[in-house]
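Below you'll find the structure, written out as structure tokens, and then a few comments.
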Amino acid sequence: SMTIGGIGISAFIGTNNYDFSLPLADQNVFGFKIDGLTFGLGIFEPTLPIENLPTFTTFTARADTFQFKAGDSNIVSLTGRDITLNLNTGTAWPGGLGTPAIDFQSSFETSPGARNGQFLIPTGETTPPVAITFDGNARMGASVAKATLQTADFVYLTGSFQFENGPLLDVPLVAGLAGGIGGLPGDLAALGGTGNIQVKTMTIGGHGITAFVGLNGPYWRDADNDWIVDRDTSGNILAAETNSRAVGLAIDNVDFGLFIGTPTNPALQNIRYAAIKASAQTVKLVGIDGVTASANGIEIELNLSTPLLASVPVLPVINFSGLAGGKYAVKTGSKDATGTDITVDLTMSTVLIRAQGFIFLNLANSVYLSGNIAFELGPTKAVTLSDGSSKTVTTMSIGAGNATAFIGANGPYWTDANSNNQVDAGERSSTAIGFSVDDFDAGLLVMASTNPSDLGAYVGLKASFAGLGLVNMPAGITV
């Protein structure tokens, strides 16, 4: 084996001869400046005198901060802190038997079955070593606790992120649009929707992300330079950390987890499994006089596979609820106060495309529109028809709840005083004068048979509202 370790290092990766005696901002260089770098690299070769056996590489690194400089241009600015890089891999086995990796937890465990092993890479005579604690899965990953990206004074993005390629995972499947596919041999039997399949995983996660697209940005300013978005008790960004001159689209407090699975079976290499779960506290327009537009409590979930037919998976998708613990936890690069990874948990158990949120629109203090909206494509259901027969159908639903609309003066007619996105008693105005649609609820359900030899489509719709007409008009005017 060969090892290289280091601690407390400042480094530059790039071009144009970086000068460590000068600030990065004063130099015409292209690349990354890294400070507080600690790393450990290990390369291992088999001792058996057999040709073409795999060699193994492991690497871990952490840096306090990084900055990116694109020459003398200010088009792109990228900074971050608390960066971690991990790699545990090997060259392929002969005969295409896969890529192995060293299981350091088992290889160096203190007692049989303890799985607490670590391989120590020296960093110097008096400095602490770097501990390698990877399991036996080949993986490559990177995380950053806080990163800030600025592009051309127009796009701003900040938050924590994590990327990981690997490990291998056995996942249960559930039928897609084509339903169960029977009679498939061997490893292909899982495509019937009832078995497990092994996939190579890739995940990307993010936490606490704020973004802004527009002019005079950014919208969020780190006024106290603590790398933290300071908020009030309702979770909104403090006024002291917002920029009143910003004009554009502000997106706040985004969490997301993306999973992509690629089958390890060569016969299934063209199939991909993809799932995403994302949420945002607020998306809103800022800095435009006379226009208020926002969406709150946004949630998006997708669980798909390829190929797609009319945006719906034909083949089975992953049943994440069938995994250990009933979920797959995507790391986001952030940790809570106890040092535990903050994750986005994928729990989908069927084909799914879902989006929901609460919208609010105010045009010139004369037109108001608000309400909860939701869209869902999937899941697959077994239903009973009016003639007593049954069918398996894929579903699409569109819903609206607690929706209100008002056109007039002295609005809005409804104010969500307790911020629960519902129309409650005492929240209607006695001074707003105009036309109102009050507390509108609607649901549309479309279902289509999944059996190509027994097609059918079915539609259901229900709508209601508490009130419709003129409100608070002078005596003698009614509708």
Side-chain angles (χ1 to χ4, degrees), residues 207-211 219-220 229-239 241-242 249-257 277-286 291-301 336 342 344-345 347 352-376 397-445 461-469 471-472:
H207 173 70
I209 299 166
T210 64
Y219 177 68
W220 169 65
V229 180
D230 297 321
R231 303 179 181 276
D232 60 22
T233 55
S234 299
N236 299 311
I237 300 176
L238 293 177
E241 292 212 329
T242 61
L249 184 67
I251 305 172
D252 184 33
N253 214 11
V254 176
D255 290 354
F256 76 92
K277 182 177 180 180
S279 64
Q281 179 176 319
T282 305
V283 178
K284 62 182 179 180
L285 288 176
V286 297
V291 178
T292 301
S294 65
N296 303 323
I298 302 159
E299 296 181 5
I300 298 172
E301 290 185 275
D336 62 18
I342 296 175
V344 173
D345 296 335
T347 59
L352 187 62
I353 302 175
R354 174 189 294 157
Q356 62 186 36
F358 181 85
I359 63 170
F360 177 81
L361 175 66
N362 172 8
L363 299 177
N365 293 326
S366 298
V367 179
Y368 298 84
L369 177 65
S370 63
N372 294 289
I373 59 173
F375 169 85
E376 183 173 313
S397 63
I398 302 173
N402 296 293
T404 67
F406 175 77
I407 302 174
N410 303 330
Y413 178 59
W414 168 64
T415 300
D416 191 13
N418 57 6
S419 300
N420 68 347
N421 295 340
Q422 297 181 10
V423 180
D424 298 317
E427 292 186 335
R428 296 176 178 88
S429 170
S430 61
T431 59
I433 300 173
F435 182 81
S436 170
V437 178
D438 189 16
D439 202 1
F440 175 73
D441 297 330
L444 170 67
L445 179 63
L461 172 66
K462 183 178 181 180
S464 66
F465 53 86
L468 173 67
V471 295
N472 299 324

Minimum heavy-atom separation for [X] to [Y], with atom names?
X	Y	answer
Asp252	Gly235	OD2-O, 4.4 Å
Ile433	Phe406	O-CZ, 3.4 Å
Glu241	Asp230	OE2-OD2, 2.9 Å
Pro412	Ala432	O-CB, 4.0 Å
Asp232	Leu238	N-CD2, 3.7 Å

Return the set of residues passing side-chain hydrogen bond (donor to acceptor under 3.5 Å, both in side chains) with [X] (not counting sequence neighbours), or none when no residue passes.
X	answer
Asp439	none
Arg428	Asp438
Ser430	none
Asn372	none

Report the residues that fulfil side-chain contact (heavy atoms from CB on, under 4.5 Å) with [X], sequence neighbours left out, ordered by chain and then residue number.
X	result
Ala355	Ile300
Asp255	His207, Ser279, Val344
Leu445	Thr395, Ser397, Met447
Gln356	Glu299, Arg354, Ala374

Could you measure the distance from the [atom1] atom of [X] to the [atom2] atom of [Y]? Nearest 0.5 Å is fine.
X	Y	atom1	atom2	value
Glu301	Ile353	CD	CD1	12.0 Å
Ile359	Asn421	CD1	CG	11.0 Å
Ser436	Phe465	OG	CZ	10.5 Å
Leu369	Asn362	CG	CG	10.5 Å

Identify, with sequence neighbours excluded, every residue that meets salt bridge (charged side-chain N to carboxylate O under 4.0 Å, His left out) alongside Asp345.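 So Asp345 forms a salt bridge (charged side-chain N to carboxylate O under 4.0 Å, His left out) with Lys327.
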Quick check against the 3.5 Å criterion: does [X] have a side-chain atom that pairs as donor or acceptor with the backbone of [Y]?
X	Y	value
Asp441	Asn402	yes
Asn253	Gln281	no
Tyr219	Thr242	no
Ser366	Ala364	yes

Are [X] and [Y] side-chain neighbours, meaning at least one heavy-atom pair lies under 4.5 Å?
X	Y	answer
Leu363	Val291	yes
Ile251	Thr210	no
Leu361	Tyr368	no
Asn418	Asp424	yes

Side chain to side chain donor-acceptor pair (under 3.5 Å) contacts touching residues 405-416 (sequence neighbours left out):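 Every pair satisfying side chain to side chain donor-acceptor pair (under 3.5 Å) with a residue in residues 405-416: Trp414-Glu427.
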Is there a side-chain contact (heavy atoms from CB on, under 4.5 Å) between Ile237 and Trp220 once you walk through the steps? CA-CA 8 Å; Ile237 300 176; Trp220 169 65; 4.0 Å; yes
